[in-house]
Amino acid sequence: MDKTFSPQNIEQQCYQNWEDSGYFQASGKGEPYCILLPPPNVTGSLHMGHAFQHTIMDALIRYHRMKGDNTLWQCGTDHAGIATQMVVERQLNAEGKTRHDLGREAFIEKVWDWKAQSGGTITSQMRRMGTSPDWQREAFTMDPELSDAVKEVFVQLYDEGLIYRGQRLVNWDPVLHTAVSDLEVLNEEEAGHMWHMRYPLADGTGELVVATTRPETMLGDTAVAVHPDDERYKHLVGKQIKLPITGRLINIIADDYVDPEFGTGCVKITPAHDFNDYEIGKRHNLEMINLFTPDAKLNGNAPEQLQGLDRFDARQKIVAQLDAEGFLVKIDDHKLKVPRGDRSGAVIEPYLTDQWYVAVESLAKPAIDAVETGEIRFIPENWNKTYYQWMYNIQDWCISRQLWWGHRIPAWYDSNDNVYVGRDEAEVRAKHQLGDDVVLRQDEDVLDTWFSSALWPFATLGWPKETPELDTFVPSSVLVTGFDIIFFWVARMIMMTKKFTGKIPFKDIYITGLIRDEHGDKMSKSKGNVLDPIDLIDGIDLDGLLAKRTAGMMQPQLAEKITKRTRKQFPEGIAAYGTDALRFTFAAMASTSRDINFDMGRVEGYRNFCNKLWNASRFVLMNTEDQDTGANGGELELSLADRWIWAQFQQTLAEFETHLSEYRFDLASHAVYEFTWNQFCDWYLELSKPVLNSDASTDAQKRGTRHTLVNVLESLLRLMHPIMPFITEEIWQRVAPLCGIHVKGSSIMIQPFPQVDATKQDSDVLKDIEWLKSFIVGIRNIRGEMDISPNKPLSVLLRNVSAEDTRRLDISAAFLSKLAKLEGVSILQPGDKGPASATALVGEMEILIPMAGLIDKDAELARIGKALEKLEKDMSRTQGKLANDNFVSKAPEAVIDKEKAKLADMQMQFSKLKEQQETISNL
RNA sequence: GCGUCUAUAGCUCAGUUGGUUAGAGCGCUACCUUGACAUGGUAGAGGUCCCCUGUUCGAGUCAGGGUAGACGCACCA
């Protein structure tokens, strides 16, 4: 084995073997355990959030697979309608073409070509992360099977009246030329203006002042509204306004919606371009004047001189004209929420179009129930509040998109625009007895990508066919995802799965935190703080990193800032930490917190941890390979340390499993880390040396220790495997044969997970080793503080030695002399104070290191003084407690006893230290 | 406006139903190239648990009120 762990030498080969061996498929035996991969965009590449969530899913999957469960990780990608179409369109644009030049069919072919070429990026990156989904079942939302499911759902919902078509105001993206759902619109506060305009009464008897943030919409005003009880305007209701610029006459109406306290108490109503106005318009039967073309330029309904102008250019002209004609009262600065498309960044326009909707109310009810009854559980639980809040206020879902890439809506129209819905044209014709003479055209629109994603839990398992997988793996065990898509995806999956299978899609929903940068900022391209998980695995030099972070930057000053920041944070680029270290980092950071600040220091720390494990294994192998490890029988005599490490391992194992069952990956990985480094490496390996290296050890003793070394390590590797698959496999291949396990053609990933073995739990041994440790640490302490070289052998005296101490001395003498570097231990007779010494306590027993020639009097006095001071402080606190009648009368007895014992112990230490202090100061 | 969350060591974070002398990793200091490992070892320093008030024998933990910050939802022209 190399002296340091080099992940890049092993990972890819290892993964290839697993995948080729078919280890990722469900076994068909045991309890079903299933995780659905939230399908990443086929356009996407792996970001830190994916890497994090995939680590967690894979840890769960590997754990359950090793536990013997029938384990399926259902994976796949989604077609990401808008995103993918944008990618391919951009390529066309670069060639000076648009999708319209190609036409729909040719364009879609192009998209498929693109997918064939580049669609595998993210799945190959997942392989680098060591994930073990069943790639043979990999699904894509545009696959024929899933498309059939989409059609089936659409038709069924339509037949039940739960899908309908209607003309309504929608969120229109004027750049992408499509409707988007509420969730795809981000409302950010931006600086704008409030324009106050004078609207004269038609009869010339006065005027009203209205205010707006969008003056250009005044062209489409069809009323001015006031509150019905507003004394100022009551008498004007029913009168008419002569609209500036157009001169159109509109009514003054009364509506409760108006807040008389706000502004002038008069509101201009533009039903075709504002969601609130739209509602008012419907109530009052107002005309709806659409002013815009699909790309938000003024259309034929605007005055001729303004037609064809972009909405923002038109705004300027209109304001200028209002001003010139004396209609503009004032312009105030105003902060307002501007709706922008989450993909395009364009200002979203409320726009009157025909769209398809899902009536969600009846679907929402069972989905709410599923969480309220506890059938589905959010972890952490609080997220159910977010879920309820949205579900109780859920709006009908606009599912049509004016795109080409996606599932085309299975609806056909005849020449009179009658609509027929069916699985295909033939079915439609048959169902409605439409002869061949009737010309039908299919709806041009496609469905929202989330519509197909909502079917993921059952469509990927074969629905609408009745498959055994549907039976076995619905509901799945846990969904691991981020809070940002609870509405987009999680809620919709629950609704759809309940509706079409009658079952819930998953039992647990584990909501992970969001990975942020080391300062808690969201990782984003524009901030230039994005990390690529693959770069953490393989490493990247500074130039490469800079190039990546500044590529495609529109603003040069931004690129400069990013360069500076990156140079500062990564002067040497990023080292290659390997997949296991990265995975361990993610696991260790997966606490209940909703934000996770990614700390490079921790990756490095866990890289070191991998190296530690590697070297510990080297040590084990050096001492066991080609030697008798008892794999083929032979008497085994286990040392105190051997029995201790087995007992410790049982505890660690139990802890690990408890934490995993509670999705506390941070605690689980901490338990493993602590055991490996602080128990196995720091103590056990050291304690094995005296046995292995001593001529006094019998064959049975050496065999016993070798057996323990190799078997504890082997068990530990299996325990760690779910989190760190590669390093554990690599080491296991060499260690397992020494345990009598045949590894040829096998893998750690299909070995059973370790089981707690009650016969190996031993609290007496644990206490014995605690005693031994405190003995050794006591001596190291004195060495450390008295500047005595760790290499210098010491002779120590023991005072106040009990029978138990004697027994322990007896069984651990060899360990003591080696680990504390002692050349002699002698026990003082009762009453014999011994020479002036530095002392350490092991329980009530005192270890004396004679000062002569070794220890400076003042230094020792200082050490004692410091210890006394600390003890005094703690003692007075405890004494205070015990002197308090309230405490003694009201606290539970166990607590009081504990305090008493604590005090007694401190008093004992105190008096011994006092004694010491006196002896030494008298020297 | 409604809702959710966060505040603990220089940094990143744990801290179970209230009962420890408040922990870990990184960083820092001193010493150590000892034979698995300097990606290491040994020892050590470092905390007003954001503030106030309460409940309690006892509060980092519970309640109320602040302060600072993050997020979600709905928003007035």
Side-chain angles (χ1 to χ4, degrees), chain A residues 1 3-5 182 187 194 196 210-214 225 257-259 261-270 274 276-277 334 336-337 380 382-383 385-386 388-390 393 483-484 486-487 514 516 518-520 522 575 577 581 588-589 591-602 604-623 662 664 666-667 670 673-674 677-678 681-682 685-686 689 693 777 780-785 787 789-791 821 870-871 873-875 877-878 881 884-892 894-896 898-899 902 906:
Chain A
M1 276 174 102
K3 206 171 161 182
T4 48
F5 171 55
D182 303 353
N187 291 292
M194 181 82 89
H196 297 255
V210 297
T212 181
T213 55
R214 306 191 53 200
Y257 161 76
V258 180
D259 175 4
E261 305 293 321
F262 190 88
T264 58
C266 305
V267 186
K268 64 188 270 306
I269 304 299
T270 324
D274 181 282
N276 291 310
D277 293 6
H334 182 73
L336 74 163
K337 292 276 177 82
N382 273 89
W383 287 110
K385 294 194 179 147
T386 305
Y388 293 141
Q389 197 195 351
W390 191 67
N393 299 298
F483 58 83
D484 47 334
I486 290 179
F487 309 143
L514 185 75
R516 296 166 172 278
E518 71 281 8
H519 300 112
K522 219 167 169 170
Y577 296 112
M589 296 199 305
S591 65
T592 56
S593 168
R594 72 165 53 177
D595 294 307
I596 292 163
N597 296 356
F598 193 82
D599 178 8
M600 290 296 292
R602 291 188 72 169
E604 193 178 337
Y606 296 126
R607 189 269 316 259
N608 296 353
F609 177 61
C610 290
N611 191 55
K612 189 75 178 173
L613 175 66
W614 184 260
N615 274 289
S617 305
R618 262 181 84 209
F619 171 83
V620 170
L621 289 169
M622 284 167 67
N623 285 284
E662 290 162 357
R664 286 302 302 269
D666 58 330
L667 300 179
H670 183 257
Y673 183 99
E674 210 276 339
W677 202 310
N678 303 120
C681 292
D682 285 353
L685 294 188
E686 295 307 319
K689 290 174 185 174
N693 300 336
V777 166
R780 284 182 184 164
N781 250 309
I782 295 173
R783 283 184 191 271
E785 292 191 38
D787 262 339
S789 157
N791 298 324
K821 195 96 179 166
K870 189 169 187 304
L871 270 174
K873 219 175 77 188
D874 295 336
M875 274 164 64
R877 187 195 327 222
T878 306
K881 262 190 191 176
N884 183 340
D885 282 345
N886 276 326
F887 176 72
V888 180
S889 59
K890 293 191 181 168
V895 174
I896 297 173
K898 209 168 146 193
E899 288 296 313
K902 211 161 78 186
M906 287 191 287

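In what follows, chains carry the letters A, B, and so on, assigned in the order in which the sequence lines appear, proteins first and then strands, with residues in each chain numbered from 1.
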If the [atom1] atom of [N] is compared with that of [M], how far apart are they to the nearest Å?
| N | M | atom1 | value |
| --- | --- | --- | --- |
| B/G10 | B/C5 | C1' | 26 Å |
| B/G66 | B/A7 | C1' | 14 Å |
| B/C49 | B/C13 | C1' | 14 Å |

Query raised in the report: Over how many whole Å does the gap from A/W390 atom CH2 to B/G72 atom P extend?
Result: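 Roughly 15 Å, once rounded to whole Å.
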
Report task. Would you mind reading off the distance between A/K898 atom NZ and B/G19 atom C1', rounded to a whole angstrom? Result ->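 Whole-Å distance recorded here is 6 Å.
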
Nucleic acid footprint by protein, [range] - heavy-atom cut-off 4.0 Å, B for base, S for sugar-phosphate alone:
| range | result |
| --- | --- |
| nucleotides 31-38 of chain B | ---BBBBS |
| nucleotides 44-49 of chain B | SS---- |
| nucleotides 3-14 of chain B | -BS------SSS |
| nucleotides 55-64 of chain B | --B------- |

Query raised in the report: For A/K821, which residues count as a salt bridge (charged side-chain N to carboxylate O under 4.0 Å, His left out) partner, sequence neighbours excluded?
Result: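 For A/K821, no residue satisfies salt bridge (charged side-chain N to carboxylate O under 4.0 Å, His left out) once neighbours in sequence are set aside.
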
Report task. Could I get the full list of salt bridge (charged side-chain N to carboxylate O under 4.0 Å, His left out) partners for A/D666, not counting sequence neighbours? Result -> A/R664

Can you name the nearest heavy-atom pair linking [X] to [Y], along with the distance?
| X | Y | result |
| --- | --- | --- |
| A/L685 | A/F619 | CD2-CD2, 3.8 Å |
| A/A581 | A/C610 | N-SG, 3.9 Å |
| A/K612 | A/W677 | CE-NE1, 3.5 Å |

Can you list everything that forms a side chain to side chain donor-acceptor pair (under 3.5 Å) with [X]? Sequence neighbours excluded, please.
| X | result |
| --- | --- |
| A/R602 | A/Y606 |
| A/E662 | none |
| A/N615 | A/N611, A/R618 |
| A/E604 | none |

Query - A/T213 side chain reached by A/M194 side chain, heavy atoms, under 4.5 Å - result: yes

Query raised in the report: Does any donor-acceptor pair link the side chain of A/R607 with the base of B/U39 at a separation under 3.5 Å?
Result: yes

Report task. Tell me what A/T213 touches on the nucleic acid: a base, only sugar-phosphate, or nothing, going by heavy atoms under 4.0 Å. Result -> sugar-phosphate

**Report entry** Under the 3.5 Å Watson-Crick or G-U criterion, the dot-bracket string of RNA chain B, with | for inter-strand pairs
**Finding:** (((((((..((((.....[...)))).(((((.......))))).....(((((..]....))))))))))))....

Query raised in the report: Hey, does the side chain of A/R516 reach the backbone of A/I596 with a donor-acceptor pair shorter than 3.5 angstrom?
Result: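 Judged by distance alone, no pair lies under 3.5 Å.
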
Requested in this report: Under the ring pair (Phe, Tyr, Trp, His ring centres under 6.0 Å) rule, collect the residues that match up with A/F483, sequence neighbours excluded.
Outcome: A/W383

